[in-house]
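Data block below; observations after.
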Amino acid sequence: MSGVAQPDGSHSCFGKEKRLLTASDYSRVFDGAEARASHKHVLLLAKQNDRPGHRLGLVVAKKNVRLAVQRNRVKRLAREVFRQADNNPPYMDVVLLARRGIDQLDNAELSSILRGQWRKLEKRVSEAETSERRGR
RNA sequence: CGAGUCGGUCAGGCGAUCGCUCUGCCAUCGGUUUCGGUCGUUGGCGGGGAGGAAAGUCCGGGCUCCAUAGGGCAGGGUGCCAGGUAACACCUGGGGGGCGCGAGCCUACGGAAAGUGCAACAGAAAGGAAACCGCCCGGCCGUUCACGCGGCCAGGUAAGGGUGAAAUGGUGCGGUAAGAGCGCACCGCGCGGCUGGUAACAGGCGCGGCGAUGGUAAACCCCACCCGGAGCAAGACCAAAUAGGAAUCCUGUAGCUGCGGCCCGCAGUGGAUUCGGGUAGGUCGCUUCAGGCAGGCGGUGACGCCUGUCGCAGAUGAAUGAUCGUCCACGACAGAACCCGGCUUAUCGACCGACUCAACUU
RNA sequence: UGGGGUGUCGCCAAGCGGCAAGGCACCAGGUUUUGAUCCUGGCAUUCGUAGGUUCGAAUCCUACCACCCCAG
């Protein structure tokens, strides 16, 4: 299982196995978040999983982003950044929550913010993992 | 060329790379098999992939379940006429009224002589009436030589004033003590034929002097016609966990529950026997139709009929994007969630067609 | 996505065709040595917005806007 099914990094895809599918997947991340990255317009929560890759879930509330077109745009950009990001262990389940005002950003601004937050999150998760190993 | 009216079409294009979803064919691996297949994994080559409003959810249908959607009351809707349609509050044509020089545009446009109600304040009076100020005739008293003036009484009078959003047909002439449909003409109103039109309605004739028939029905209401309820999170199927369950037979019609409210009506609930029920999750419903395009025929038109042709999103944390290059008029409003027909609202612009007005030139 | 509801002063609200009650808060004055209490007065320019009906609309009708609730 370990490493055999690892997808090709340069040839990144985004199928169903890379997404959080059920309500229980989401609540698992919400209840036991191990790392978080917060920004004015976005909040990321993460928890390690036992699967061969990262998984992403998106929460873009109608309350925070009023128009459906803008909600779709935010989600598409988030998926795009996730897809192009490095796909290295430790693998985790990530939930992205959009905050109010995110629809005011243009595509370039939004994707640079998302890339920055993703890197921050990766770093924090690996720190958490190493401290956990020391703890054992 | 300028000003304007109506109708229609389009909704950035092209290329490269990386990605999402559905699907056809081929290969691949795995499960199952009655060896026909069938279900899934991965890969390759193709194909399809948001809108004119997808929106608001304001109407109308289809579809599903509740009884094959039944009767009455209540409630709601529509409201000039005719047609179109599956249906409509939509559309088309016509009529009345209003606006515009015009092309055209707007129009909740049935009934107030069936009934009930309402109209603050002001005003004499706000609807079965009315005399506040006026105006006029007469009588009596006072005053004056007299004309006249003043006061009181009894009448006539809706022409004038004043109030109000609204005051009991309008204008003119005659008439009168002053006035008045009191009389006449025209207009308005009402009634009755006639002519045209399917009808709404229009035209014309006659009659009625109009002490009746004011306004309000987006007040109750009356009249005509229409409407059962919920909604794909409907509903059907497969099914962990955990408990209150389901079918058959018998009994009962009282109570309770369900079918929006009430009354009927209908169904279930009670006992015995026998085994299954269905939340998480999954599958179906889920896209081929009141379908688009072209031609012909009928119709003023909305539209209908016939023939040919095309296949045009079906996701389920939810798919059309990102980056770069390039061109130009530098891209508005904005994202399907069961599906259609309308309405309404948002919207950068571009183009096409028909028509009107004004000026000028030929 | 579907169903339902509410918008009246800074806040809580009544009114449902004829002058927009009331309370809290706020402001001014008085009382008090000062403050609280108390007393008096003030405080709605568009009743969410825009049209319409009516002599007259917060109220009736139509369209739109904002917010909230329910179903999963």
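In what follows, chains carry the letters A, B, and so on, assigned in the order in which the sequence lines appear, proteins first and then strands, with residues in each chain numbered from 1. As the structure is a computational prediction, the values presented were derived from the model and not from experiment.
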Calculate, to the nearest 0.5 Å, the distance between atoms CG and CD belonging to A:Leu110 and A:Gln104 respectively.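 Atom-to-atom, A:Leu110:CG and A:Gln104:CD are 12.0 Å apart.
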dist A:Asp106:CG -> A:Arg73:CZ (nearest 0.5 Å) comes out at 7.5 Å
Which base sits across from [N] as a Watson-Crick or G-U pair, both distances under 3.5 Å?
{"N": "B:rU41", "result": "none"}
{"N": "B:rG204", "result": "none"}
{"N": "B:rU68", "result": "none"}
{"N": "B:rG214", "result": "none"}
{"N": "C:rC38", "result": "C:rG30"}
{"N": "B:rC297", "result": "B:rG304"}
{"N": "B:rC312", "result": "none"}
{"N": "B:rG102", "result": "none"}

Suppose you measure atom [atom1] in [N] against the same atom in [M]; what distance do you get, rounded to whole Å?
{"N": "C:rA28", "M": "C:rG35", "atom1": "P", "result": "13 Å"}
{"N": "B:rU157", "M": "B:rG179", "atom1": "C1'", "result": "5 Å"}
{"N": "B:rC352", "M": "B:rU92", "atom1": "P", "result": "26 Å"}
{"N": "B:rC232", "M": "B:rC63", "atom1": "C1'", "result": "9 Å"}
{"N": "B:rG30", "M": "B:rC25", "atom1": "P", "result": "23 Å"}
{"N": "B:rG162", "M": "B:rA124", "atom1": "C1'", "result": "11 Å"}
{"N": "B:rG235", "M": "B:rG43", "atom1": "C1'", "result": "40 Å"}
{"N": "B:rA329", "M": "B:rC351", "atom1": "P", "result": "12 Å"}

Expressed in angstrom and rounded to an integer, what is the separation of [X] atom [atom1] from [N] atom [atom2]?
{"X": "A:Arg55", "N": "B:rA318", "atom1": "CZ", "atom2": "P", "result": "12 Å"}
{"X": "A:Lys18", "N": "B:rG317", "atom1": "NZ", "atom2": "C1'", "result": "17 Å"}
{"X": "A:Leu67", "N": "B:rU347", "atom1": "CG", "atom2": "C1'", "result": "14 Å"}
{"X": "A:Lys75", "N": "B:rA318", "atom1": "NZ", "atom2": "C1'", "result": "7 Å"}
{"X": "A:Arg19", "N": "B:rA318", "atom1": "CZ", "atom2": "P", "result": "4 Å"}
{"X": "A:Asp103", "N": "B:rC333", "atom1": "CG", "atom2": "P", "result": "13 Å"}
{"X": "A:Asp93", "N": "B:rG317", "atom1": "CG", "atom2": "P", "result": "15 Å"}
{"X": "A:Leu97", "N": "B:rG317", "atom1": "CG", "atom2": "C1'", "result": "12 Å"}

Of the options [options], whose atoms approach the side-chain atoms of [X] most closely?
{"X": "A:Ala68", "options": "B:rG335, B:rA318, C:rU1", "result": "B:rG335"}
{"X": "A:Arg76", "options": "B:rA318, B:rC18, B:rU320", "result": "B:rU320"}
{"X": "A:Val59", "options": "B:rG335, B:rC18, B:rG317", "result": "B:rG317"}

Looking at the angle O4'-C1'-N9-C4 for a purine or O4'-C1'-N1-C2 for a pyrimidine, is [N] syn or anti, with syn meaning within 90° of 0?
{"N": "B:rG15", "answer": "anti"}
{"N": "B:rC312", "answer": "syn"}
{"N": "B:rG271", "answer": "anti"}
{"N": "C:rG17", "answer": "anti"}
{"N": "B:rA240", "answer": "anti"}

Hey, does the side chain of A:Asn72 come within less than 4.0 Å of B:rG321's phosphate (OP1/OP2), counting only N and O?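 For B:rG321, neither OP1 nor OP2 has a side-chain N or O of A:Asn72 closer than 4.0 Å.
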Can you give me the N/O atom pairs linking the protein to nucleotides 64-69 of chain C at distances under 3.5 Å, or say none if there are none?
from   : atom 1 : to      : atom 2 : distance (Å)
C:rC67 : OP1    : A:Arg66 : NH2    : 3.1

Heavy-atom donor-acceptor pair, A:Asp103 side chain to A:Val65 backbone, under 3.5 Å: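 Between the backbone of A:Val65 and the side chain of A:Asp103 there is no qualifying donor-acceptor contact (under 3.5 Å).
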Main-chain N/O of A:Arg66 paired with A:Arg71 side-chain donor or acceptor, under 3.5 Å: yes
Charged N to carboxylate O under 4.0 angstrom, A:Arg119 versus A:Glu122? no
Any salt bridge linking A:Arg55 with A:Asp93? Criterion: basic side-chain nitrogen under 4.0 Å from a carboxylate oxygen.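 Yes, this pair counts.
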Close side-chain approach of A:Leu58 to A:Arg79, heavy-atom, < 4.5 Å: yes
Please examine the side chains of A:Arg115 and A:Gln84, heavy atoms only from C-beta on, and report whether any two atoms are closer than 4.5 Å. yes
Pick the closest RNA chain B nucleotide for A:Lys62 and for A:Asn107 by heavy atoms, then say which residue is nearer the 5' end. A:Lys62
For A:Arg79 and for A:Val69, find the nucleotide of RNA chain B with the closest heavy atom, then tell me which residue's nucleotide is more 5'.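 Upstream on the strand: A:Arg79.
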Listed by chain and number, what are the ring-ring contact (aromatic ring centres under 6.0 Å, His included) partners of A:Tyr26, not counting sequence neighbours?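 If we apply the ring-ring contact (aromatic ring centres under 6.0 Å, His included) test to A:Tyr26, skipping adjacent residues, there are no hits.
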Pairs where residues 54-81 of chain A contributes a residue and the test ring pair (Phe, Tyr, Trp, His ring centres under 6.0 Å) is met, not counting sequence neighbours: A:His54-A:Tyr91, A:His54-A:Trp118
